[in-house]
Amino acid sequence: MGVTMELTKVEMPNGSNAPVRKSARRLRWFKETLHRQVDALAKQTGITYEVDDNELRALFLRWLDAFEAQKPDVLDDRADFVDFASGLMLRELIKSKPVSVAALPKDADQSNPAYYWPEGYLYVVLCLNIRAAVFEQDFDVEKHVSPNMEDLRTWWSFKENVETEDPNLAIGFFDLFAGVEPNWAMPASYFARKSSRGNDAFFEKYARKEIAED
Amino acid sequence: MNAKSYPDPSIVAKDALRGIRYALKRGAKLVAEGGPRQLPEQFEAASNDLLNSAESVAKTVDRIAKHILGLDFDPSTFGPPTFATPIDAKSGSENLSQDATNLFFALTLCAKNMKIDLLVSETLCARLIAEDASFDWPQGQQDTAALCTELFHRITAMNVLGDPPGVPSRHNAERQSDASRVAFAAALWTYLERGSFNDSEEELITMCCEVSGQKLSDLDGETLTTEKVQKLFEYALSAV
């Protein structure tokens with residue numbers, strides 16, 4: 001039951017031959033992709049998931065609203081906006097919880113992030129995969145995930161912070177998993193993200209809290 | 001198809017029966033919700049008898065209508081009208097009846113999904129489609145948002161959605177706003193691109209209602225121009 005740093009890949013739906021960056025803004029495409037991701041991860045991990053399509057549709061429309069509201073008229077750093085939009089998606093998934101776990105395999109290793117927080121892990125993998133598909137298609141860049149994906153302490157911190165403190169922190173944690181420098185101060189604002197790069201105080205406070213406690 | 005030809009008499013009969021069902025159910029609901037509750041005992045009993053009778057008559061009408069005319073929704077035959085799918089287009093008269101039924105159910109399902117209480121006329125759906133066919137739209141040359149906009153305007157202009165005769169009507173503005181919302185979602189569903197995904201037609205109706213609902217406030221007000229409606233359709237078509 002190997003779950004390694006290589007993400008559980010899914011084949012993205014065709015979506016009328018539109019580029020992934022456009023297709024990802026379509027409800028049908030997103031629904032199909034999430035279901036494919038669930039199937040792929042279930043096959044790899046032995047976890048049985050259940051998907052609530054009502055929640056899925058509602059969260060997608062909230063994400064689309066946020067995406068439209070934050071997208072600048074002129075994008076001078078398209079790659080960074082792809083990262084940010086993927087983080088926004090993770091935030092909505094975590095807030096809405098459209099996927100639940102019906103059953104874990106008997107031999108599930110809770111020290112593995114995929115079993116420690118199966119729903120959160122699924123959401124992160126889904127967003128990383130969509131982001132990777134956009135990068136590959138639009139920028140001809142193959143994306144790899146950060147070692148943080150396998151670091152259980154980062155996952156403790158991630159779960160605790162987004163569930164009990166502020167779901168917006170999911171955007172910062174997404175950057176962390178993607179190997180991008182997070183903006184912890186105002187993670188939900190693209191404008192603030194652009195203007196306050198390099199602020200790592202929040203990172204020290206939240207992402208590494210568990211490490212410090214060790 | 002001659003635009004002035006009368007729809008199939010069975011369609012008119014279906015509408016008549018639906019009107020009776022709707023009026024009975026809504027009348028009973030109004031009595032139940034708005035009737036005086038502090039009636040003397042004998043009037044209270046009479047009021048309850050009336051409600052029970054109305055419900056019983058409505059069920060009888062349902063049975064007759066379903067048995068004779070087939071009013072039930074059938075998912076296996078439900079799909080976009082052929083005027084929206086040129087590949088299936090045959091002569092207008094062959095498809096008119098099924099197209100009218102599909103447009104009727106699309107509007108009915110959208111209204112139900114949006115929790116809007118309006119009666120849809122299948123007769124007017126048939127007339128709208130017959131007139132559309134007579135216009136012979138240059139389908140391949142128009143973009144989808146323009147076609148959606150045209151259908152939306154025709155549905156609202158022809159009063160396909162409304163209250164049946166004899167039922168107390170709501171304020172015109174409120175009814176118009178509700179009718180616009182339902183018409184928008186149904187027009188979106190009609191011209192939605194199919195083939196790339198596996199969602200059922202009922203799921204597509206739900207998605208169209210939810211994406212339409214996201215922009216509902218933009219459908220209200222007096223500044224609803226054709227350009228604005230078309231922009232909304234462009235957005236909605238790209239989002240579903």
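Lettering follows sequence order; numbering is per chain, from 1.
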For this session: Pick one of side chain, backbone, both or neither for L237(B), based on which atoms fall under 4.5 Å of a heavy atom in chain A.
Result: backbone
Problem set entry | Minimal non-hydrogen separation, W29(A) against F197(B), with atom names | CA-CE2, 3.4 Å
For this session: Measure the shortest side-chain to side-chain distance between L204(B) and R28(A) over non-hydrogen atoms and say whether it is less than 4.5 angstrom.
Result: yes
Problem set entry | CD (Q110(A)) with more than 12 external heavy atoms under 6.0 Å | yes
For this session: Against chain B, label F60(A) side chain, backbone, both or neither, depending on which of its atoms sit under 4.5 Å from a heavy atom there.
Result: side chain
Exercise. Under a 4.5 Å heavy-atom cut-off, does chain B meet the side chain of N17(A), its backbone, both or neither?
Worked result: neither
Exercise. To the nearest 0.5 Å, how far apart are NZ in K22(A) and OG in S238(B)?
Worked result: 8.0 Å
Exercise. Considering residues, nucleotides and ligands other than K231(B), do more than 12 of their heavy atoms fall under 6.0 Å from its NZ?
Worked result: no
Exercise. Side-chain contact, heavy-atom cut-off 4.5 Å: L64(A) with Q214(B)?
Worked result: yes
Exercise. If you draw a 6.0 Å radius around CG in D140(A), do more than 12 non-hydrogen atoms from other residues or ligands fall strictly inside?
Worked result: no
Problem set entry | Inter-residue atom distance L61(A).CG - K215(B).NZ, 0.5 Å rounding | 10.0 Å
Exercise. Is R26(A) reaching over with its side chain to a backbone N or O of V240(B), donor-acceptor style, under 3.5 angstrom?
Worked result: yes
Seminar exercise, completed: Rounding to 0.5 Å, atoms OG1 (T206(B)) and CG (N54(A)) come to a distance of 8.0 Å
For this session: For the pair K31(A) and E203(B), find out whether any cationic side-chain nitrogen is under 4.0 Å from an anionic carboxylate oxygen.
Result: yes
